[in-house]
Amino acid sequence: MTGPVAIRLNQNALFIGGNSHLDLALLRHSTAHVMAAAVCRLYKDVQLDIGPSTEGGFYYDFDLPARLTPEDFPAIEREMAKLVAEDLPFERLEVGRDEARALLGGQRYKLERLADIPADQAISFYRCGDFIDLCRGPHVERTGQIKAFKLLSVAGSYYRGLETNPMLQRVYGIVAETQAEIDEQLTRLEEAQKRDHRKLGKELDLFSVHDEVGPGLIHWHPKGARVRAIIEEFWRQEHFKAGYDLLYSPHIGKAGLWETSGHLGFYSENMYAPMQIDEVSYYVKPMNCPFHIQVYKSHKRSYRDLPLRWAELGTVYRYEKAGVLHGLLRVRGFTQDDAHIFCTPEQIEGEIQRTVEFALEMWRAFGFTEIRAYLATKPAKAVGEAARWEQATRSLEQALRTVNIPFETDEGGGAFYGPKIDLKIKDAIGREWQMSTIQFDFNEPERFQLAYHGVDGKEHQPYMVHRALLGSIERFFGVLIEHYAGAFPLWLAPEQARVLPISDKQMDAAVALAATLQAAGYRVKVDRSADKIGAKIRDAQVAKIPYMFILGGREVEQGTVSVRSRTAGDLGSMSVEAATCRLGEDIAARR
RNA sequence: GCCAGCUUAGCUCAGUUGGCAGAGCAGCUGAUUUGUAAUCAGCAGGUCAUCGGUUCGAAUCCGAUAGCUGGCUCCA
């Protein structure tokens with residue numbers, strides 16, 4: 001979107017000036033109204049809810065007897081175009097409550113919305129032709145100011161977002177100043193869809209999900225598994241450097257363990273049914289913490305031992321509702337890059353800070369810089385003393401300020417057992433996914449009676465922090481695929497280089513070169529097809545392989561190799577040493 | 001789980017009003033031995049997601065189930 005939207009507001013409307021972002025929001029919201037007006041003209045018995053602007057466009061929620069499908073969009077768009085052509089003014093009306101009720105007639109959702117407006121607040125309606133809607137505003141002046149728009153999708157949406165409420169139909173759309181901008185936005189959406197990890201995962205042969213096995217259960221193919229192995233090895237080394245130790249724990253545990261931890265009480269709807277072993281119930285783990293706690297409790301701990309930082313790539317299984325599963329980003333079995341930090345109250349602030357810094361460092365290493373942080377505070381229902389909550393929340397906030405990343409506060413968004421910091425990043429089409437999480441836990445240390453001996457010789461309860469930096473390896477891989485559009489940098493690429501003989505005459509030399517490079521630790525394959533060189537290059541390019549080493553008669557004779565880069569094209573002939581040197585440089589720079 | 005839509009070869013997709021199941025790519029075989037993004041020919045590949053119904057006849061119409069997609073709720 002470019003430039004400020006030049007819109008002058010109705011003199012009755014609340015003035016919002018100068019800011020193009022807000023003007024765009026006005027335009028979007030106004031277009032939502034026009035869409036609602038169009039729907040009311042075309043359909044009978046329309047119950048209206050709300051139609052706000054969103055980050056990318058707008059939507060309006062309706063309840064109507066007809067079921068809307070994208071096939072209905074052209075008719076709605078035509079009706080909207082008529083409303084725009086009529087250039088109707090948006091008129092603001094301020095009315096009393098009784099009059100408002102009368103105006104709303106049989107609009108049940110609107111009447112409920114009206115009841116929510118505080119007594120001291122003005123009640124306003126906006127009229128646009130014969131369409132009138134309870135609305136705070138503001139709006140653009142006239143419908144004629146809406147130049148270009150398009151309806152994109154329709155989906156169900158619970159009234160007020162509550163699962164127990166009726167489901168409304170939500171129609172999404174976009175609006176811009178010119179048709180060209182709409183086309184541009186649609187092209188961007190298409191481009192984003194091309195880097196969807198589900199599409200690339202199939203095309204690049206990275207992973208799969210199978211009906212025969214079950215939804216949300218990921219199969220890592222050789223190439224995906226190779227990338228995963230590199231990620232995990234890097235992760236382990238970074239953790240050792242950061243003062244962590246590694247743990248491995250079982251996949252199942254007795255019911256009693258999950259009772260003590262509280263999971264059977266507060267997390268059972270996400271846990272799979274138990275299995276009977278020797279007449280005892282065992283559960284597959286949805287989390288790793290109770291196991292780490294057992295290790296902690298395996299002997300007495302002193303304040304001199306703390307902090308303990310224990311990490312595990314722990315595979316957990318959680319029941320997720322069928323409708324929420326999404327490629328690698330939302331699955332039922334996944335490996336968390338989990339860790340638990342046990343420390344004294346004095347250490348907590350420093351530990352949180354280094355954890356946040358560690359997380360950002362990790363994200364930077366993988367090429368991510370745009371991350372949003374959220375500080376989630378104490379919810380209404382919570383365990384733990386108020387003073388602890390306060391100290392914990394303060395140290396989280398302090399850490400965010402010290403590392404200087406902007407954050408939003410999610411008031412009351414913490415878990416019942418402690419406050420947390422979440423780091424979120426966006427997928428190819430702008431959906432935000434929670435990745436890193438740093439969570440305090442006041443619940444389990446209490447339930448498991450965790451203790452350490454303090455300087456005073458007395459037993460104290462340690463602070464416990466759960467943290468996952470990448471979140472889960474599955475989700476991280478999904479986001480990574482989209483981030484690089486499948487073209488992994490050399491250090492992560494499952495196949496770093498492919499040797500392409502011009503003809504079969506160079507096959508022996510090609511196999512020998514690949515063997516040499518493989519022995520030196522590079523991931524290299526030979527193209528053994530009978531294709532012409534152009535086709536071999538195309539195959540390698542489509543497979544997004546960073547380097548192609550082309551061997552013709554000349555190269556074999558001179559002991560050189562013609563190097564082609566995925567991004568820069570033909571780099572010309574060079575010695576094998578020069579070529580491997582280039583690989584080494586790219587790997588070191590994580591290019 | 002809820003609302004809506006979708007499901008045809010390994011992949012991407014055609015398939016008209018209910019009347020013999022199709023293409024490209026990939027695969028295999030053969031020919032070609034090629035100099036920086038697709039060599040040519042042939043062959044093979046299907047319980048049209050599954051189950052049931054309507055019909056003389058169903059990929060096509062109806063119902064159920066499963067999976068997927070877009071959202072909602074929930075979450076790493």
Side-chain angles (χ1 to χ4, degrees), chain A residues 59 61 63 67-72 152-172 193 196 198-199 202-203 205 208-216 267 269-270 286-287 314 316 318-338 415 422-424 429 431 433-437 439 466-476 478-479 500-507 529-543 548-555 562-566 569-573:
Chain A
Y59 67 77
D61 283 347
D63 195 356
R67 281 174 300 188
L68 296 173
T69 74
E71 283 163 29
D72 300 316
L152 293 184
S153 62
V154 56
S157 159
Y158 296 113
Y159 171 56
R160 290 177 187 270
L162 272 178
E163 225 173 341
T164 45
N165 279 344
M167 181 144 292
L168 309 178
Q169 300 190 68
R170 176 173 296 179
V171 177
Y172 288 88
Q193 267 148 14
D196 187 308
R198 292 166 298 184
K199 187 175 159 67
K202 207 178 273 181
E203 283 171 8
D205 198 15
S208 59
V209 183
H210 301 270
D211 280 9
E212 291 79 356
V213 178
Y267 205 71
E269 70 279 11
N270 286 293
M287 294 189 193
V316 298
R318 297 181 185 174
Y319 172 74
E320 298 287 352
K321 291 175 180 175
V324 308
L325 301 174
H326 183 94
L328 292 173
L329 300 183
R330 190 76 182 271
V331 297
R332 284 180 173 164
F334 57 97
T335 300
Q336 290 185 301
D337 70 317
D338 206 0
D422 288 332
L423 300 183
K424 300 187 185 185
I429 54 174
R431 286 172 295 208
W433 295 88
Q434 184 177 318
M435 307 299 286
S436 309
T437 187
Q439 311 185 341
H466 308 251
R467 51 111 279 198
L469 304 186
L470 304 177
S472 82
I473 303 296
E474 283 76 7
R475 182 176 287 180
F476 175 69
V479 169
L500 313 179
I502 298 270
S503 81
D504 283 357
K505 293 188 191 103
Q506 293 85 38
M507 189 58 77
S529 71
D531 289 330
K532 301 209 295 198
I533 193 63
K536 291 179 186 179
I537 287 169
R538 184 170 189 282
D539 284 349
Q541 198 74 39
V542 168
M548 288 158 251
F549 291 159
I550 299 167
L551 285 181
R554 284 201 299 275
E555 285 78 13
S562 174
V563 178
R564 187 186 165 92
S565 137
R566 171 178 67 190
D570 191 359
L571 300 176
S573 285

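Chain identifiers are assigned alphabetically (A, B, ...) following the order of the sequence lines, protein sequences preceding nucleic acid strands; residue numbering begins at 1 within each chain.
Partners of Arg160(A) under the side-chain contact (heavy atoms from CB on, under 4.5 Å) rule, at least two apart in sequence or in another chain, are Glu112(A), Arg113(A), Asp116(A), Asn165(A).
Considering only the side chain of Tyr172(A), G71(B) comes nearest among G71(B), U12(B), G5(B). Closest approach to the Ile550(A) side chain among U36(B), A4(B), G1(B) is made by U36(B) (side chain taken as heavy atoms from C-beta onward). In this structure, the nucleotide among C72(B), U69(B), A4(B) sitting nearest to the side chain of Arg198(A) is U69(B). Closest to the side chain of Ala322(A), out of A76(B), G1(B), U34(B), is G1(B). Of the candidates G71(B), A37(B), U39(B), A37(B) carries the atom nearest the Gln541(A) side chain, counting heavy atoms from C-beta on. When each of G67(B), U39(B), C74(B) is scored by its nearest atom to the side-chain atoms of Arg330(A), the top-ranked nucleotide is C74(B). Of the candidates U36(B), A4(B), C72(B), C72(B) carries the atom nearest the Arg170(A) side chain, counting heavy atoms from C-beta on. Each of U34(B), G71(B), A37(B) was ranked by its minimum atom distance to the side chain of Ile537(A); first place goes to A37(B). Across G70(B), A76(B), C74(B), the shortest atom-to-atom separation from the side chain of Arg475(A) is found for A76(B). The side chain of Ala155(A) lies closest to G71(B), out of G67(B), U34(B), G71(B).
Nearest-nucleotide assignment on RNA chain B puts the 5′-proximal partner with Tyr319(A), out of Tyr319(A) and Gly552(A). Nearer the 5' end of RNA chain B, as judged by each residue's closest nucleotide, is the contact made by Gly553(A), out of Thr437(A) and Gly553(A).
Look at Gln336(A) and you won't find any side-chain N or O under 4.0 angstrom from OP1 or OP2 of A76(B).
Side-chain to base pairing of Tyr158(A) with G71(B): no donor and acceptor N or O lie closer than 3.5 Å to each other.
In this structure a side-chain-to-backbone donor-acceptor pair under 3.5 Å is missing from Asp539(A) to Lys536(A). The backbone N or O of Leu470(A) sits less than 3.5 Å from a side-chain atom of Asp337(A), completing a donor-acceptor pair.
Put simply, CD on Glu320(A) is 15 Å from C1' on C72(B), counting in whole angstrom units. Between the CD atom of Gln169(A) and the P atom of G70(B) there is a distance of 19 Å, given to the nearest Å. What separates CG of Leu325(A) from P of C72(B) is a distance of 15 Å, to the nearest Å. For the pair His326(A) NE2 and U69(B) P, the computed distance is 7 Å after rounding to whole Å. Regarding Asp61(A), its CG atom lies at a distance of 14 Å from the C1' atom of U73(B), rounded to whole Å. Nucleotide A38(B) holds its P atom 7 Å from the CZ atom of Arg538(A), rounded to whole Å. In this structure, the NZ atom of Lys532(A) is 12 Å from the C1' atom of U36(B), given to the nearest Å. The separation between Asp531(A) atom CG and C28(B) atom P is 11 Å, rounded to whole Å.
Stacking between Phe334(A) and A76(B) is shown: the ring centroid lies under 5.5 Å from the centre of the six-membered base ring, and the planes differ by under 30°.
Taking 4.5 Å as the limit, some side-chain heavy atom of Arg467(A) sits within range of a side-chain heavy atom of Leu469(A).
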Please tabulate, for side-chain N and O atoms in residues 320-327 of chain A, each donor-acceptor pair with protein atoms closer than 3.5 Å (sequence neighbours left out).
residue   : atom : partner   : partner atom : Å
Glu320(A) : OE1  : Arg330(A) : NE           : 3.4
Glu320(A) : OE1  : Arg330(A) : NH2          : 2.7
Lys321(A) : NZ   : Glu163(A) : OE2          : 2.7

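Comparing A31(B) with G15(B), their P atoms are spaced 39 Å from each other, to the whole Å.
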query = Pairs counted as Watson-Crick or G-U wobble with both distances under 3.5 Å: what dot-bracket string results for RNA chain B, using | for bases tied to another strand?
reply = (((((((..((((.....[..)))).(((((.......))))).....(((((..]....))))))))))))....
